Amino acid sequence: MWIRAYSAMWMLLGFLFILYLGHLYIWAMVVVIQIYMAKELFNLLRRAPEDRLLPGSRLLNWHFYFTAVLFVYGQILSPQLVNTVIYDKFLHRILSAFIKYQMVICYFLYIAGFMWFILSLKKRSYKYQFSQYAWTHMILIVVFAQSSFLVANIFQGIFWFLLPASLIAINDVAAYFFGFFFGKTPLIKLSPKKTWEGCIGASVATVISAFVFANILGRFQWLTCPRKDLSTGWLQCDPGPLFKPEFHSLPGWIPEWVPSKGISVLPVQWHALCLGLFASIIAPFGGFFASGFKRAFKIKDFGDSIPGHGGVTDRNDCQMVMAVFAYIYHQSFVVPQSYSVEIIMDEIMRSFNLDQQQAVHAKLGQILHQRPFGI
């Protein structure tokens, strides 16, 4: 227990320090975590006798991994990369060409790995090699692709990375304590120590924490401002309506001796309630999946990278599920929808009949003829 507490303290201090350094360093932390997770999972199905006969198999795994890194982060961070070198014409030209042909580059890197795999097949190792090939792709899809949404959340504003990640930790700790003191009814066979009492108590604690914690985090521009480039300077921005306090009057039945007649609430706190519900009800199934996986392979932990906690994968199984939901929720319900002129004009034209559309086109043609450089 003391080893677990000691390592947890150092992890927390290191995490807070990296948060202070900013977006770029948090991204670097996520990349390191992803590499450690991939390493632990690559090693899970390895067998020494076969590996001695296939000396290039490990290198092939990492070839596929870093091809995925190049593709995913190129897609996620292309706006930030362009904005970082926008004043350097040479670098801007090179980077623009890379972004334009990034999909082609990554595709042929993958095809090179595919051909490498086919050419490396050996007669008595077919089954082992194909299992490694399938296992590598499962890691890329289930682990790397999901955890990469953490990076997308970071550059939307550290708030959208920190709040979901914190809720997972709060739910985990609350479930432990509620289960320890009140737990009697088993929740799921995959995790015999999980109880309904711990789950319900943790859900209530997590939702309340989400509402309160969002109010605290939402008042710091360093956490709420999106990062448009890869610099490390201080951020200042208009926080937007989500992070501007709104005053809500208390109901009339509140006793008169209560000093305040209302509360100040950030609109983002209502969104935080949804994140809290997901973190307490759905995200734990990522942990159940990992538990079932470990039982299938008869292992206690995925690794021993963190003293007292097991491997890095053991600490981040629920975070991946939460990261995907936080990104999808932010894009669907928080980011305002923007429409191009073409989409707006298309919707307008659909409401006209054929004669009206022809009249509009004729009028636009006259305007463009009078002003050849456009409207």
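Keep in mind that this is a model prediction, so the values were computed, not measured.
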* Atom CH2 of Trp10: over 12 foreign heavy atoms under 6.0 Å -> no
* Taking the six-membered ring where the residue is Trp, are the ring centres of Phe159 and Phe213 under 6.0 Å apart? -> no
* **Close side-chain approach of Ser147 and Ile33, heavy atoms under 4.5 Å** => no
* Asked: Could you state the interatomic distance from CZ (Arg295) to OG (Ser191), rounded to the nearest 0.5 Å?
  -> 7.0 Å
* Are any side-chain N or O atoms of Ser7 and backbone N or O atoms of Ile306, one a donor and one an acceptor, separated by less than 3.5 Å? -> no
* Check whether any side-chain N or O of Gln132 sits under 3.5 Å from a backbone N or O of Leu45 as a donor-acceptor pair, and report yes or no. => yes
* Asked: Should the ring pair Phe144 and Tyr73 be called parallel, tilted or perpendicular, given that the plane angle runs from 0 to 90° and is split at 30 and 60?
  -> perpendicular
* **Check against side-chain contact (heavy atoms from CB on, under 4.5 Å), Phe220 and Ile158** => CA-CA 10 Å; Phe220 297 93; Ile158 296 176; over 6 Å; no
* To do: Please lay out, stage by stage, how Phe117 and Phe130 fare under the test ring pair (Phe, Tyr, Trp, His ring centres under 6.0 Å).
  => CA-CA 9 Å; Phe117 168 73; Phe130 275 101; 5.1 Å; yes
* Structure fact -> Tightest non-hydrogen contact, residues His23 and Leu235, listed as CE1-CD1, 3.3 Å
* Asked: More than 12 non-hydrogen atoms from neighbouring residues, nucleotides or ligands closer than 6.0 Å to CD1 on Ile263, yes or no?
  -> yes
* Atom pair SG/CH2 of Cys237 and Trp222 - distance to nearest 0.5 Å -> 11.5 Å
* Asked: Roughly how far apart are Ser203 OG and Asn171 CG, rounded to 0.5 Å?
  -> 6.0 Å
* Check for a donor-acceptor pair, side chain of Gln269 on one end and backbone N or O of Phe211 on the other, with a separation under 3.5 Å. => yes
* To do: Please step through side-chain contact (heavy atoms from CB on, under 4.5 Å) for the pair Ile35 and Val32, ending with a clear verdict.
  => CA-CA 5 Å; Ile35 291 174; Val32 171; 5.7 Å; no
* Student check: side-chain heavy atoms of Phe278 and Thr206 closer than 4.5 Å -> no
* Asked: Do other residues, nucleotides or ligands put more than 12 heavy atoms under 6.0 Å from the CZ atom of Phe17?
  -> no
* Mind checking whether Phe333 and His271 have ring centres under 6.0 Å apart? -> no
* Is Ser96 reaching over with its side chain to a backbone N or O of Arg93, donor-acceptor style, under 3.5 angstrom? -> no
* Asked: Is a donor on one side and an acceptor on the other found under 3.5 Å between the side chain of Glu40 and the backbone of Val312?
  -> yes
* To do: Report yes if the side chains of Asn316 and Tyr36 come closer than 4.5 Å at any heavy-atom pair, otherwise no.
  => no
* Asked: Taking the six-membered ring for Trp, are Phe64 and Tyr133 ring centroids under 6.0 Å apart?
  -> yes
* **Side-chain touch Leu95/Thr84, heavy atoms, less than 4.5 angstrom** => no
* Asked: With a 4.5 Å heavy-atom cut-off, do Phe293 and Asp317 have their side chains touching?
  -> no
* Partner of Asp314 under side chain to side chain donor-acceptor pair (under 3.5 Å), chosen from Lys294, His309, Lys300 -> Lys294
* To do: May I ask you to check whether Tyr110 and Phe71 place their ring centers less than 6.0 Å from one another?
  => no
* Just wondering, do Glu246 and Pro241 contact through their side chains at under 4.5 Å, heavy atoms? -> no
* Asked: With hydrophobic residues grouped by side-chain heavy-atom distances under 4.5 Å, do Trp116 and Val69 end up in a single group?
  -> yes
* Report yes or no: does Gln319 contribute a side-chain atom to a donor-acceptor pair with the main-chain N or O of Ala169 at less than 3.5 Å? => no
* To do: Taking the side chain as every heavy atom from C-beta outward, state whether Ser120 and Leu54 have any atom pair closer than 4.5 Å.
  => no
* **More than 12 heavy atoms from other groups under 6.0 Å of CZ on Phe98** => yes
* **Gln146 side chain vs Val324 backbone, donor-acceptor pair below 3.5 Å** => no
* **Ring-ring centroid check Phe285 Phe289, cutoff 6.0 Å** => no
* Please report the closest heavy-atom contact between Val143 and Met37, naming both atoms and the distance. => CG1-CE, 3.4 Å
* List the steps, then state whether salt bridge (charged side-chain N to carboxylate O under 4.0 Å, His left out) holds for Asp238 with Lys244. => CA-CA 10 Å; Asp238 179 5; Lys244 292 180 180 177; 3.5 Å; yes
* Within 6.0 Å of CE in Met11, more than 12 heavy atoms from elsewhere -> yes
* To do: Quick one: name the residues clustered hydrophobically with Val173, using the 4.5 Å side-chain heavy-atom rule over I, L, V, M, F, W, Y, and just say none if it's on its own.
  => Tyr176, Phe177, Phe178, Phe180, Phe181, Phe182
* To do: Without swapping roles, check the side chain of Asn43 against the backbone of Lys39 for a donor-acceptor pair under 3.5 Å.
  => yes
* To do: Return yes when atom CZ of Phe42 has more than 12 non-hydrogen atoms of other residues, nucleotides or ligands closer than 6.0 Å, and no otherwise.
  => yes
* Asked: What closest approach, in Å, do Leu266 and Phe243 show between heavy atoms, and which atom pair accounts for it?
  -> CD2-O, 3.7 Å
* Structure fact -> Distance col, row Cys106:SG vs Met103:CE, nearest 0.5 angstrom, shows 8.5 Å
* Check whether more than 12 heavy atoms from other residues, nucleotides or ligands sit under 6.0 Å from atom CE of Met9, and answer yes or no. => yes
* Asked: Is there a donor-acceptor contact under 3.5 Å linking the side chains of Trp2 and Tyr6?
  -> no
* Search all heavy atoms of Leu275 against all heavy atoms of Leu163 and return the closest pair with its distance. => CD1-CD2, 3.8 Å
* side-chain hydrogen bond (donor to acceptor under 3.5 Å, both in side chains) assessment of Ser57 paired with Gln129 -> CA-CA 8 Å; Ser57 61; Gln129 287 180 281; over 6 Å; no
* Asked: Do Val207 and Leu277 come close enough that some side-chain heavy atom pair is under 4.5 Å?
  -> yes
* Give a yes or no on whether the backbone of Leu41 and the side-chain of Trp135 come within a donor-acceptor separation of less than 3.5 Å. => yes
* Asked: In the single-linkage hydrophobic clustering (I, L, V, M, F, W, Y; side-chain heavy atoms under 4.5 Å), do Leu59 and Leu70 co-cluster?
  -> yes
* Structure fact -> Heavy-atom closest pair (Thr195 atom, Gly179 atom, distance to 0.1 Å) is OG1-CA, 3.7 Å
* Pairwise distance CD(Gln34) to CG(Leu140) - rounded to 0.5 angstrom -> 10.5 Å
* Please test Phe161 against Ile26 for side-chain contact (heavy atoms from CB on, under 4.5 Å), starting from the C-alpha separation and ending with a verdict. => CA-CA 10 Å; Phe161 161 77; Ile26 301 173; 3.6 Å; yes
* **Side chain Asn153, main chain Phe149, donor-acceptor under 3.5 Å** => yes
* Step by step, would you call Asp172 with Cys318 a side-chain contact (heavy atoms from CB on, under 4.5 Å)? -> CA-CA 10 Å; Asp172 193 26; Cys318 299; over 6 Å; no
* Answer yes or no: are there more than 12 heavy-atom neighbours, outside Trp196 itself, under 6.0 Å from its atom CH2? => no
* When rounded to the nearest 0.5 angstrom, what distance separates CD1 in Ile105 from OG1 in Thr67? -> 11.5 Å
* Nearest non-hydrogen partners of Ala210 and Gly276, listed with the distance -> CB-CA, 4.0 Å
